[in-house]
Amino acid sequence: MKTPLLSIIIPTYNRPQLLPRAVESALAQTVEDIEVIVVDDASPEPVQLSEHPKLRVIRLPINSGGSVARNTGAKAAKGRWISFLDDDDTLLPHMAEVSLAALAQTDLPKPVALLSGIKVVNEKGEFIKKRIPPTLPKGSHFQMEKIAKGKSFRCKQTMVVERDVLLSIGGFDESFRSRVHSDLFLRLNSVCSILGIPDITYKLYKHGGSQVTKDITLRQVSFDRLMEKHQSIFKQHPKELAKFIFEHAHRCYQLGQESGQTDEALFTILGAISWGMRLAPEHTLSRLTDLLEHPEAWYKPSQPKRELIEQI
């Protein structure tokens with residue numbers, strides 16, 4: 001196979017039922033000049049996939065986490081551009097085509113990475129919602145900037161970036177097990193423009209299976225590390241920081257309700273608010289006041305758990 005233009009990297013761990021669907025969607029791209037690299041993070045049973053001339057499988061000797069798997073794939077990639085696909089999600093066939101075309105036409109300050117739209121679906125593939133990314137020039141602080149209504153920062157899975165640019169900033173921080181994309185984009189956007197396009201290219205599945213993002217304790221440890229590592233950036237955006245903190249706390253509250261881990265959720269929320277009071281006390285206090293006055297914004301009427309909110 002000649003040198004590919006785009007390498008699609010799929011980190012995986014112990015998802016033999018879901019992985020083939022992801023791999024098939026990556027191989028089904030309308031662009032011919034691609035390769036697909038599956039990085040098996042030491043699954044109990046080694047990954048077994050049908051052979052394909054555009055497919056490579058790399059198996060790690062010990063389970064090391066998603067950041068290590070992604071970095072391993074990036075270092076092994078042969079394409080100028082790289083993208084990542086979670087093993088429980090799928091790409092639409094035109095992802096590579098529309099992404100590379102948009103990158104070729106942009107006049108944003110170089111280098112430029114790209115984000116595209118996400119369709120969120122349930123386990124049956126039924127539509128739940130969509131997310132459309134913003135565009136941010138080089139030197140911006142991703143997730144801390146104000147963006148237009150209807151745009152979302154939560155499209156980071158769709159990133160297409162030059163391999164050399166990603167590796168030049170150290171790739172994914174391997175000390176993170178959660179919040180890996182939040183950390184990466186804060187570093188990436190400082191040296192790279194982010195082009196957001198409205199095309200839907202990625203299908204994200206909501207399911208009941210095991211996911212790192214559902215681990216409350218892990219989320220909090222990584223959140224604390226993120227706050228510490230990027231404290232200087234967060235201090236520059238007090239209002240957006242307060243919003244970011246309460247989005248984190250809200251998600252932990254939801255996970256606590258779903259799993260029955262209300263004590264863990266409360267600890268996590270208090271930890272998040274503690275960071276907010278240190279870095280942006282005025283805006284954090286304002287949002288906390290709104291929350292106490294309107295707790296219904298945090299839970300559905302069918303899930304009255306006001307006692308958790310009142311403990312804050």
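Starting from 1, each residue takes its place in the sequence as its number.
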Task: Main-chain N/O of Lys75 paired with Arg163 side-chain donor or acceptor, under 3.5 Å - done: yes
Task: Of Arg56, Lys78, Arg80, Lys54, the residue whose pairing with Glu35 passes salt bridge (charged side-chain N to carboxylate O under 4.0 Å, His left out) - done: Arg56
Task: Other residues, nucleotides, ligands: >12 heavy atoms within 6.0 Å of Arg59 CZ - done: yes
Open item on the list: In this structure, would Ile233 and Val191 fall into the same cluster of hydrophobic residues linked by side-chain contacts under 4.5 Å?
Closed with: yes
TODO: Output the distance between atom NZ (Lys130) and atom NZ (Lys119), rounded to the nearest 0.5 Å.
DONE: 10.0 Å
Open item on the list: Counting C-beta onward and ignoring hydrogens, is there a side-chain heavy-atom pair between His283 and Leu241 closer than 4.5 Å?
Closed with: no
TODO: In sequence, state the C-alpha distance, the side-chain angles, and the governing distance for Glu145 and Glu240, and then conclude on side-chain contact (heavy atoms from CB on, under 4.5 Å).
DONE: CA-CA 7 Å; Glu145 305 289 351; Glu240 293 304 311; over 6 Å; no
Task: Contact summary for Pro111 and Val165, nearest pair of heavy atoms - done: CB-CG2, 3.8 Å
- [ ] Taking Ser7 for its side chain and Gly79 for its backbone only, find out whether a donor-acceptor pair lies under 3.5 Å.
- [x] yes
Open item on the list: Given 3.5 Å as the limit, does a donor-acceptor pair link the side chain of Thr106 with the main chain of Ala102, or not?
Closed with: no
Open item on the list: Quick check on the 6.0 Å ring-centre criterion: do Phe172 and Phe84 meet it?
Closed with: yes
Task: Intermediate values then yes/no, side-chain contact (heavy atoms from CB on, under 4.5 Å), Lys229 and Phe176 - done: CA-CA 11 Å; Lys229 182 175 180 179; Phe176 281 84; 4.1 Å; yes
Open item on the list: To check you understand the geometry: which heavy-atom pair defines the closest contact between Asn63 and Ala42, and what is its length?
Closed with: N-CB, 3.4 Å
Open item on the list: Just checking Glu126: does its CD atom have more than 12 heavy atoms from other residues, nucleotides or ligands closer to it than 6.0 angstrom?
Closed with: yes
Task: Distance (rounded to the nearest 0.5 Å) between Ser178 OG and Asp183 CG - done: 11.0 Å
Task: Heavy-atom pair with the smallest gap, counting every atom of Ala22 and Asp87 - done: CB-O, 3.7 Å
Task: Donor-acceptor contact below 3.5 Å, side chain Gln236 vs main chain Ser232 - done: yes
Open item on the list: Strictly distance-based, threshold 3.5 Å: is any side-chain N or O of Arg131 a donor or acceptor partner for the main-chain N or O of Ser152?
Closed with: no
Open item on the list: Do Leu136 and Phe142 make a side-chain contact, defined as non-hydrogen atoms from C-beta onward lying under 4.5 Å apart?
Closed with: yes
Task: Euclidean distance, Gln143 CD relative to Lys243 NZ, rounded to 0.5 Å - done: 9.5 Å
Open item on the list: Quick one, Met227 and Phe244 - any side-chain contact, counting heavy atoms below 4.5 Å?
Closed with: yes
TODO: For residues Ile197 and Ile132, report the shortest heavy-atom separation together with the two atoms involved.
DONE: O-CG2, 4.4 Å
Task: Short side-chain to backbone donor-acceptor contact, Thr284 and Pro281, under 3.5 Å - done: no
Task: Reported NE2-to-CG distance for the pair His237 and Leu279, which is rounded to 0.5 angstrom - done: 12.5 Å
Task: Distance in Å, His141 NE2 paired with Leu186 CG, rounded so as to fall on 0.5 Å steps - done: 8.0 Å
Open item on the list: Let me check something: do Leu18 and Ile8 share a hydrophobic cluster, defined by ILVMFWY side-chain heavy atoms less than 4.5 Å apart, either directly or through other members?
Closed with: no
Open item on the list: For a side-chain contact (heavy atoms from CB on, under 4.5 Å) check, start with the C-alpha distance between Ile82 and Val161, then their side-chain angles and the critical distance, and finish with the verdict.
Closed with: CA-CA 6 Å; Ile82 57 176; Val161 63; 3.9 Å; yes
Open item on the list: So, using salt bridge (Lys or Arg N to Asp or Glu O under 4.0 Å) as the criterion, who are the partners of Arg70 when residues are at least two apart?
Closed with: Asp86
Open item on the list: side-chain contact (heavy atoms from CB on, under 4.5 Å) for Arg21 and Ser25? Distances and angles first, verdict last.
Closed with: CA-CA 6 Å; Arg21 180 182 67 184; Ser25 74; over 6 Å; no
- [ ] Measure from the side-chain N and O atoms of Lys138 to the backbone N and O of Lys110, and report whether any donor-acceptor pair falls under 3.5 Å.
- [x] yes
- [ ] Answer yes or no: is there a side-chain heavy-atom contact under 4.5 Å between Ser64 and Asp41?
- [x] yes
TODO: Indicate yes or no for a side-chain donor-acceptor contact from Ser286 to the backbone of Glu282 under 3.5 Å, with no hydrogens or angles considered.
DONE: no
Task: Where Ser193 and Pro109 come nearest, the two heavy atoms and their spacing - done: OG-O, 2.7 Å
TODO: Decide yes or no for Trp81 and Leu114: does some side-chain heavy atom of the first lie under 4.5 Å from some side-chain heavy atom of the second?
DONE: no
- [ ] Tell me, yes or no, whether the heavy-atom count around Lys156 atom NZ, taken from other residues, nucleotides or ligands under 6.0 Å, exceeds 12.
- [x] yes
Open item on the list: For Asn14, is there any backbone N or O sitting under 3.5 Å from a side-chain donor or acceptor partner on Ser43?
Closed with: yes
Open item on the list: Using side-chain heavy atoms (C-beta onward) and a distance below 4.5 Å, is Leu255 in contact with Arg219?
Closed with: yes
Open item on the list: Applying a strict under-4.5 Å side-chain criterion to I, L, V, M, F, W and Y, I'd like to know whether Leu167 and Met159 cluster together.
Closed with: no
Task: Spacing of His181 atom NE2 and Arg179 atom CZ [to the nearest 0.5 Å] - done: 12.0 Å
Task: Electrostatic pair Arg187:Asp173 at N-O distance under 4.0 angstrom - done: no
With a 3.5 Å cut-off and sequence neighbours excluded, list the donor-acceptor pairs that the side chains of residues 89-99 form with protein atoms.
{"unit_1": "Asp89", "atom_1": "OD1", "unit_2": "Tyr205", "atom_2": "N", "d": "2.9"}
{"unit_1": "Asp89", "atom_1": "OD2", "unit_2": "Tyr202", "atom_2": "OH", "d": "2.9"}
{"unit_1": "His94", "atom_1": "NE2", "unit_2": "Ile200", "atom_2": "O", "d": "2.9"}
{"unit_1": "Glu97", "atom_1": "OE1", "unit_2": "Thr30", "atom_2": "OG1", "d": "2.6"}
{"unit_1": "Ser99", "atom_1": "OG", "unit_2": "Met95", "atom_2": "O", "d": "2.7"}

Task: ILVMFWY network linking Leu85 to Leu19, side-chain heavy atoms under 4.5 angstrom - done: yes
- [ ] Kindly work out whether a path of hydrophobic side-chain contacts (I/L/V/M/F/W/Y, heavy atoms less than 4.5 Å apart) joins Ile34 to Val57.
- [x] yes
TODO: May I ask you to test the Leu115-Ile194 pair for a side-chain heavy-atom distance under 4.5 Å?
DONE: yes
Task: Within-4.5 Å side-chain heavy-atom neighbours: Leu166 and Leu184 - done: yes
- [ ] Mind listing the closest non-hydrogen atom pair of Cys192 and Ala113 along with its distance?
- [x] SG-N, 3.3 Å
